[in-house]
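Report on the structure given below.
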Amino acid sequence: MTQRVYDTRSRSKRDLVTLEEGKLGLYACGITPYSPSHIGHARQAISFDIIVRWLRKSGYEVNYITNFTDVDDKIISAANEEGIDFLELANRYISDYFNCMDALNVIRADAYPRVTETIPEIISMVSDLLEKGYAYEGGDGVYFEIETSPEKYGQLTGQTLEMVRAGAGGRVDKTGSGKRDHRDFALWKMAKPGEPSWDSPWGAGRPGWHIECSAMSLKHLGERFDIHGGGSDLIFPHHEAEIFQSECCLGHDPVVQYWIHNGMVNVEGEKMSKSLGNFWTISDALEKIDPLVLRYSLINAPYRQPMDFNQVMLEDAKSHHSRLLTCYGEGLSTVGKMDWSENTFLLECSNSLEKGMNDDFNTRTALVEVQSVTKRLRSLLDSGGKKEEIGEYTGWIGEYAGEVLGLLPKDSGVLSTLKSSESKLSDIAPMVEDLLSKREKARASKDWALADEIRDELSEAGVIVEDGSNGVTWRLK
RNA sequence: GCACGAGUGGCAGAGCAGCUAUGCAAUGGACUGCAGAUCCAUGGACCCGGGUGCAAAUCCCGGCUCGUGCUCCA
């Protein structure tokens with residue numbers, strides 16, 4: 001089955017053909033660590049994590065690179081406010097990022113290059129651009145000159161040079177910079193007093209925002225690579241600027257074969273922003289929900305669609321995830337994972353899941369299949385189904401919900417959670433059983449008031465009592 | 001204003017030419033002292049107007065509405 005990938009540049013799904021057969025270079029723009037990571041970062045990271053997992057499962061040898069922009073205006077001003085070094089601040093939030101990613105079960109990328117560790121490469125790229133006549137020194141910095149290659153303008157956004165010229169005229173003067181044209185962008189910014197800086201042929205300064213990614217992708221993936229991704233908010237101007245820089249510097253195009261972009265996360269229908277007070281950091285979210293439930297909720301829509309983060313979707317994710325985990329845990333502890341390749345129903349499910357994932361990584365379709373396998377496993381477990389079948393279903397879930405979607409903790413974790421809740425159960429069992437037998441006596445004598453009172457008490461204590469056709473059962477909330 | 005994208009049942013959200021999406025909710029039933037859980041069943045949708053097709057939610061044209069980008073942003 002061919003992998004289809006939606007490419008922002010051509011605005012269509014295209015068959016994935018890599019530059020080198022069986023190998024794939026993927027660069028995804030990472031974060032600027034100036035504040036704690038938020039759920040938008042989580043969605044970006046999880047989307048690409050699953051894309052990488054899937055491509056690897058499909059047989060590609062993937063080299064996955066994602067960066068940190070560890071020097072930038074916002075980092076500097078946040079560090080100044082606290083009176084600390086900018087790198088100290090950046091490191092703090094990078095470590096926050098890694099903690100969150102680990103919790104969310106995001107597999108580490110193959111490399112996490114940083115701007116501050118790529119300065120020589122950046123300087124060399126800027127020098128090249130100057131030499132080739134694509135850039136100029138403008139007093140307070142070195143700028144890329146858009147007019148040198150107008151045909152490259154708007155490759156990702158569909159805008160032309162003229163449109164933007166018409167739309168934003170007059171802004172040049174306001175910026176007060178040495179730009180010749182307001183659409184030109186900085187490659188190197190000269191340092192103002194007190195700012196962190198590196199020596200360069202043009203004076204002490206630091207890289208502009210866009211050049212870092214061109215330099216880092218070149219360094220790690222070479223002069224041409226397969227996929228470049230990031231949040232859809234980076235399409236303009238960041239990724240367009242990268243196209244200018246990389247293609248002009250290297251002298252060929254395209255440098256990037258496929259551009260992919262994940263959609264934004266809104267909160268209760270509104271754009272997430274600090275000023276609206278609806279800003280969710282990942283740590284905030286993890287205080288209220290399990291990290292894997294958050295992961296589940298964030299892949300409940302295809303990665304390109306904008307998604308709304310709200311109470312309903314969280315509760316949905318919570319109930320689905322807990323059913324998935326419970327079934328998997330029971331399957332694991334009673335039978336274990338078994339080969340399912342002879343099971344026609346499971347084969348159909350994986351076919352359909354693969355079809356969805358091959359069609360631009362549709363995790364929503366994948367979840368539908370996971371739900372349907374879980375449902376069947378639940379009823380097998382409840383009705384005392386054949387061991388082989390339970391094992392097959394458990395194996396399927398481990399493979400797809402676990403390895404591909406990353407929704408399950410490690411098997412040892414699943415089992416120990418199961419055990420600890422069992423031991424918790426056995427601790428309180430005598431007391432509960434005692435109350436229940438009193439309740440049974442009350443029920444036998446049709447003293448419903450007393451029976452209900454006992455049930456309510458237990459409920460308040462966190463024990464759910466259910467009268468089934470085969471007698472009374474109870475479990476923890 | 002320009003660009004890009006989206007408008008599907010009560011809600012979330014797939015499908016992108018012919019075949020039940022799915023989940024939650026709802027309704028009816030089974031079970032129950034009641035509640036819950038579970039099981040069975042049922043109803044319900046493709047923004048509007050044209051066009052192409054044997055056939056359109058799905059393609060084309062024109063509207064309308066919404067979102068995002070055009071300044072930093074995953």
Side-chain angles (χ1 to χ4, degrees), chain A residues 6 8 11 13 28-32 34-35 37-48 66 69 72-74 77 97 154 156-160 162-168 171 174-175 182-183 185 209 229-238 240 261-266 269-274 297-298 300-308 310-320 323 352 355-356 359 362-372 374-375 378-379 382-383 442-444 446-449 451-452 455-456 459 464-470 472-475:
Chain A
Y6 184 90
T8 308
R11 262 168 249 123
K13 285 181 194 169
C29 286
I31 60 160
T32 300
Y34 71 99
S35 65
S37 297
H38 60 250
I39 53 176
H41 297 134
R43 163 122 106 147
Q44 190 273 142
I46 291 168
S47 298
F48 283 88
T66 188
T69 302
D72 135 287
D73 290 345
K74 273 179 294 198
S77 75
Y97 175 83
L156 299 179
T157 55
Q159 299 182 94
T160 65
E162 307 312 318
M163 289 170 178
V164 179
R165 192 176 353 234
R171 241 186 257 165
K174 286 181 204 162
T175 64
H182 74 274
R183 294 155 302 168
F185 53 87
W209 176 36
S232 62
D233 52 346
L234 297 183
I235 293 173
F236 189 93
H238 186 56
E240 292 235 344
H261 298 277
N262 65 277
M264 299 291 102
V265 179
N266 295 127
E270 282 182 310
K271 181 171 172 166
M272 181 167 73
S273 76
K274 287 176 181 167
S297 73
L298 291 175
N300 200 209
Y303 75 94
R304 281 195 292 129
Q305 296 304 124
M307 72 157 34
D308 197 49
N310 58 51
Q311 214 51 44
V312 175
M313 63 94 88
L314 274 182
E315 266 154 35
D316 235 44
K318 198 173 164 188
S319 68
H320 283 131
R323 182 172 3 184
S352 165
K355 203 175 145 200
D359 184 14
N362 192 330
T363 49
R364 175 67 210 189
T365 311
L367 284 181
V368 168
E369 297 309 319
V370 170
Q371 283 171 6
S372 112
T374 306
K375 195 173 177 183
R378 179 74 269 160
S379 84
D382 288 345
S383 63
R443 293 183 71 204
K446 296 196 192 283
D447 185 353
W448 308 130
D452 290 350
R455 185 171 62 194
D456 289 346
S459 166
I464 298 170
V465 177
E466 288 172 351
D467 302 326
S469 43
N470 301 324
V472 184
T473 55
W474 62 274
R475 60 190 164 85

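All values below come from the heavy atoms of this structure, side chains included, with hydrogens, waters and symmetry mates left out. Numbered from 1 within each chain, the chains take letters A, B, ... in sequence-line order.
Proximity of A:Arg323 to the phosphate of B:C24: a side-chain N or O atom is located under 4.0 Å from OP1 or OP2. Not one side-chain nitrogen or oxygen of A:Lys355 sits closer than 4.0 Å to the OP1 or OP2 atom of B:G15. Here A:Ser379 does not reach the OP1 or OP2 of B:C39: none of its side-chain N or O atoms lies under 4.0 Å away.
Listed nucleotides B:G5, B:U22, B:G33 differ in distance to A:Arg364; the shortest reach to its side chain belongs to B:U22. Side-chain proximity of A:Glu466 to the nucleotides B:G36, B:A74, B:C34 is greatest for B:G36. Picking from B:U22, B:C70, B:G5 the nucleotide with the shortest atom distance to the side chain of A:Phe236 gives B:C70. Of the candidate nucleotides B:C4, B:A74, B:G33, B:G33 has the atom lying nearest to any side-chain atom of A:Arg455.
With hydrogens and angles left out, the side-chain atoms of A:Asn262 and A:Arg304 include no donor and acceptor closer than 3.5 Å.
Residues A:Arg11 and A:Thr157 approach most closely at NH2-C, 3.9 Å, considering heavy atoms. Closest approach of A:Ala301 and A:Met307 over heavy atoms only: CB-CE, 3.7 Å. Shortest non-hydrogen contact noted between A:Asp308 and A:Met313 is O-CE, 3.4 Å. Contact between A:Ser352 and A:Glu369 at its shortest, heavy atoms only, is OG-OE2, 2.8 Å.
Distance noted for atom P between B:A3 and B:G44: 42 Å (whole Å). Using atom C1' as the reference point in both B:A57 and B:A17, the two lie 10 Å apart (nearest Å). For the P atoms, the distance from B:U42 to B:G62 is 43 Å, rounded to whole Å. To the nearest whole angstrom, the two P atoms, one in B:C34 and one in B:G67, are 50 Å apart. With both ends at atom C1', the span from B:G18 to B:C46 equals 16 Å, rounded to whole Å. Comparing B:A41 with B:C47, their C1' atoms sit 33 Å apart, to the nearest whole Å. B:G33 and B:A45 are spaced 41 Å apart, taking the C1' atom of each and rounding to whole Å. Straight-line distance between the C1' atoms of B:C64 and B:G50: roughly 15 Å, to the nearest whole Å.
A donor-acceptor contact under 3.5 Å is not formed by the side chain of A:Asn300 with the base of B:G13. A donor-acceptor contact under 3.5 Å is not formed by the side chain of A:His261 with the base of B:A74. For B:C34, the base has a donor-acceptor partner in the side chain of A:Asp467 [N/O atoms by modelled type, under 3.5 angstrom].
Each of A:Leu156 and A:Arg443 has a nearest nucleotide on RNA chain B; the 5'-most of these lies closest to A:Leu156. The 5' end of RNA chain B is approached more closely, in terms of each residue's nearest nucleotide, by A:Val368 than by the other of A:Asp316 and A:Val368.
A:Asn300 has its side chain out of reach of A:His320: every pair of non-hydrogen atoms, C-beta onward, lies at least 4.5 Å apart.
A:Lys375 comes within 4.0 angstrom of sugar-phosphate atoms only, judged by non-hydrogen atoms across all strands, and of no base. Note on A:Pro237: nothing from the nucleic acid sits closer than 4.0 angstrom, heavy atoms only. Among the heavy atoms of the strands lying under 4.0 Å from A:Thr32 are primed sugar atoms or P, OP1, OP2 only; no base atom is included. Among the protein residues, A:Gln305 comes within range of the sugar-phosphate backbone only, with heavy atoms under 4.0 Å from sugar or phosphate atoms but none that close to a base. Using a 4.0 Å heavy-atom criterion, one finds that A:Asp452 contacts the bases of the nucleic acid, with or without backbone contacts as well. Using a 4.0 Å heavy-atom distance criterion, A:Gly263 is classed as a base contact. As judged by a 4.0 angstrom heavy-atom cut-off over every strand, A:Gly231 is placed among residues touching the sugar-phosphate backbone only.
In a base pair of the Watson-Crick type (N1 to N3 plus N6-O4 or O6-N4) or a G-U wobble (N1-O2 and O6-N3), with each distance short of 3.5 Å, B:C46 is matched with no nucleotide. The partner of B:A74 cannot be assigned: no Watson-Crick or G-U wobble pair with both contacts below 3.5 Å exists in any strand. Across all strands shown, B:C16 forms no Watson-Crick or G-U wobble pair with both distances under 3.5 Å. Remark: B:C11 base-pairs with B:G23. Criterion, Watson-Crick or G-U wobble with two distances under 3.5 Å. Summarising the base pairing, B:G67 is matched to B:C4 through a Watson-Crick or G-U wobble pair whose two defining distances lie under 3.5 Å. When both distances must be under 3.5 Å, the Watson-Crick or G-U wobble mate of B:A57 does not exist. Across all strands shown, B:A30 forms a Watson-Crick or G-U wobble pair with B:U38, both key distances being under 3.5 Å.
What separates CE of A:Met307 from C1' of B:A74 is a distance of 13 Å, to the nearest Å. The CE atom of A:Met264 sits 11 Å away from the P atom of B:U68 (whole-angstrom rounding). Rounded to whole Å, atom P of B:C11 lies 17 Å from atom CD of A:Glu315. Residue A:Gln371 contributes atom CD, which lies 16 Å from atom C1' of B:U20 at whole-angstrom precision. At whole-Å resolution of the value, CG in A:Leu314 and P in B:A12 are 14 Å apart. In this structure, A:His320 atom NE2 and B:C24 atom P are separated by 5 Å, rounded to whole Å. The distance between atom CE of A:Met313 and atom C1' of B:G23, rounded to the nearest whole Å, is 14 Å. Atom CZ of A:Arg183 is separated from atom C1' of B:C70 by 13 Å (rounded to the nearest Å).
Here the CH2 atom belonging to A:Trp448 is positioned 6.0 Å from the CZ atom belonging to A:Arg443, to the nearest 0.5 angstrom. The distance from the CZ atom of A:Arg364 to the CG atom of A:Leu367 is 6.5 Å, given to the nearest 0.5 Å.
Take A:Lys74 and apply the side-chain hydrogen bond (donor to acceptor under 3.5 Å, both in side chains) test, not counting sequence neighbours, and it matches no residue.
A glycosidic torsion no more than 90° from 0 defines the syn conformation, and B:G53 adopts it.
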